[in-house]
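So that the names make sense, note that chain A is the first sequence line, chain B the second, and so on, each numbered from 1. Just so it is clear, the model here is predicted, and its values are computed rather than measured.
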2 protein chains.
Amino acid sequence: MVRKTKEDAELTKQRIIDAARAVFLTRGVSRSTLEHIATEATVTRGAVYWHFKNKTDIFYALRDRNFLPLIDRMYDTLGVRSDNIDPLTQIENSLCDTINQLNENTEMRQIYEIMMIKCEYVDEFATVLQQILSNCSNITEKIQMAYERAIEQNLLSTTLPPHALALDTHLFFSGLMHMWVKDADGSRFRHQAKALIQSHIKLRRL
Amino acid sequence: MVRKTKEDAELTKQRIIDAARAVFLTRGVSRSTLEHIATEATVTRGAVYWHFKNKTDIFYALRDRNFLPLIDRMYDTLGVRSDNIDPLTQIENSLCDTINQLNENTEMRQIYEIMMIKCEYVDEFATVLQQILSNCSNITEKIQMAYERAIEQNLLSTTLPPHALALDTHLFFSGLMHMWVKDADGSRFRHQAKALIQSHIKLRRL
DNA sequence: TTATATACAAACAAGAATGTATGTATACTG
DNA sequence: CAGTATACATACATTCTTGTTTGTATATAA
């Protein structure tokens with residue numbers, strides 16, 4: 001049984017990526033071998049080497065497929081200029097939506113866990129961190145724009161500049177994401193994540 | 001040249017821990033071998049195996065020596081009940097002090113970097129995460145107590161419960177620490193870390 | 001002073017993991 | 001329908017890494 005059709009080949013490629021996600025999650029990226037991944041995908045290392053250059057290549061494929069979409073989604077929900085929803089609520093909704101995504105989408109939850117606590121950012125992986133930082137900057141900018149609209153509409157209880165507010169919100173949410181991921185049993189943060197977001201926004205609402 | 005005095009032996013043990021910190025930092029924990037560490041400490045693996053059971057053992061020794069003190073210090077500076085300094089300023093000072101520590105103390109800066117982005121929390125390392133979460137709970141409790149005092153003294157601009165305020169502050173600072181570590185060149189977060197802390201506190205001051 | 005435990009260095013053995021090279025059945029192309 | 005490229009499986013060679021074992025000079029205890 002060899003030489004599948006193109007669709008079959010693409011399917012096994014996706015199966016390998018899925019397998020990598022499962023293996024990375026349980027063994028961490030470094031300790032995961034191509035043999036592990038191949039076995040999990042019920043193929044041999046031959047197939048893996050056919051589709052990917054090496055483990056790093058798989059990691060990047062996994063990130064592109066499962067991680068970046070979540071970033072994009074957050075970026076988009078923050079960006080839309082709505083007239084019938086105030087900017088503070090928009091920020092709140094956007095953050096809650098991301099938490100919802102993590103709750104509902106197993107793949108995204110796992111990919112976050114991998115990237116946050118099961119990957120060492122050295123050598124070939126160091127650049128990933130910078131890309132994440134870059135994404136964060138974009139998100140923060142969007143949040144800042146929302147706060148600027150909130151100021152225009154006189155919604156804020158504070159006179160802090162939108163730049164400071166945006167960074168504070170971003171850091172809050174960044175911390176929440178980290179804790180959400182680490183709180184595997186859900187007892188500390190996951191169960192009250194949305195309440196925390198609401199409090200955070202409420203704090204600056206007039 | 002063998003069989004040093006007890007003091008000498010303890011010295012080489014510390015040298016090995018220092019070497020491990022350096023090697024972990026540049027290669028990540030997983031990719032660091034005992035050979036790397038031994039060479040960095042200018043000893044052989046024989047010495048390493050004499051003082052430590054394995055790499056995990058070294059990691060824990062490193063954490064106990066360099067990481068836990070910072071936690072304790074933060075816990076302490078938050079805990080002292082001062083009469084001539086208001087609780088909000090106390091929180092602010094405590095957070096700033098931690099940032100100062102990171103700026104001034106190379107070892108602490110490196111150990112944080114290792115534990116945040118150069119270590120995979122699987123298997124033997126998984127428990128470390130839970131211990132960190134536990135530490136975080138303690139810190140949050142202390143922050144909450146400070147906010148309770150702030151309420152008593154009518155210092156707050158918000159009616160949010162101290163529990164929510166404490167978690168918001170903790171998450172903010174958690175995010176700040178993560179970003180501080182990742183922002184290696186200092187252009188994004190490190191240079192304005194203290195200003196961000198001040199803004200965060202100012203937001204809730206009456 | 002002698003015996004013993006200490007603090008390593010050096011050598012050894014075994015298993016992983018990687019990358020590559022080779023084999024091969026079959027989809028597809030001309 | 002023959003030839004070729006594809007999509008893998010299998011086999012191989014090499015390099016790392018680990019843990020253990022052995023050796024040994026010397027501080028220290030008796």
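- In this structure, A:L78 CG and A:E141 CD are separated by 12.0 Å, a value rounded to the nearest 0.5 Å.
- Note: CG (A:D57) to P (C:dG19) measures 11 Å, nearest angstrom.
- Legend: ring pair (Phe, Tyr, Trp, His ring centres under 6.0 Å) pairs involving residues 56-112 of chain A, not counting sequence neighbours, sorted by first then second residue: A:F59-A:F125, A:F67-A:Y112.
- Side-chain nitrogen and oxygen atoms of A:W50 include at least one within less than 4.0 Å of the OP1 or OP2 phosphate oxygen of D:dA7.
- Put simply, CG on A:L70 and CG on A:N105 are 8.0 Å apart, with the number rounded to the nearest 0.5 Å.
- Using a 4.5 Å heavy-atom threshold, the side chains of A:F24 and A:E113 count as separate.
- Of the listed nucleotides (C:dA9, D:dT28, D:dT10), D:dT28 has the atom at the smallest distance from the side chain of B:T5.
- Atom NZ of residue B:K13 and atom NE2 of residue B:H51 lie 7.5 Å apart, to the nearest 0.5 angstrom.
- Between B:H51 and C:dC8 there is a side-chain N or O to OP1 or OP2 distance below 4.0 Å.
- Summarising the geometry, the separation between NZ on A:K6 and C1' on D:dC8 is reported as 16 Å, rounded to the nearest angstrom.
- Taking only side-chain atoms of A:A9, from C-beta outward, the nucleotide of D:dC8, D:dA9, C:dA10 with the closest atom is D:dC8.
- The OG atom of A:S199 sits 9.0 Å away from the CD atom of A:E92 when rounded to the nearest 0.5 Å.
- Across the protein-nucleic acid pair, A:E7 atom CD and C:dC28 atom C1' stand 12 Å apart, rounded to whole Å.
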Set out, in order, the CA-CA distance, both residues' side-chain angles and the distance that settles salt bridge (charged side-chain N to carboxylate O under 4.0 Å, His left out) for B:E124 and B:K53, then state yes or no. CA-CA 13 Å; B:E124 333 90 77; B:K53 195 181 157 200; over 6 Å; no

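- Interatomic distance, CG of B:L160 versus CD of A:Q198, reported as 11.0 Å (0.5 Å rounding).
- To the nearest 0.5 angstrom, A:I111 atom CD1 is 4.0 Å from A:L62 atom CG.
- Per the geometry, CG belonging to A:D8 stands 12 Å off C1' belonging to D:dC8, to the nearest Å.
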Pairs: protein N or O with nucleotides 17-19 of chain D N or O, under 3.5 Å:
from: D:dT18; atom 1: OP2; to: B:L34; atom 2: N; distance (Å): 3.2
from: D:dG19; atom 1: OP2; to: B:Y49; atom 2: OH; distance (Å): 2.4
from: D:dG19; atom 1: N7; to: B:R45; atom 2: NH2; distance (Å): 2.5
from: D:dG19; atom 1: O6; to: B:R45; atom 2: NH1; distance (Å): 3.4
from: D:dG19; atom 1: O6; to: B:R45; atom 2: NH2; distance (Å): 2.8

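- Scanning residues 10-22 of chain B for heavy-atom distances under 4.0 Å to DNA chain C yields B:T12.
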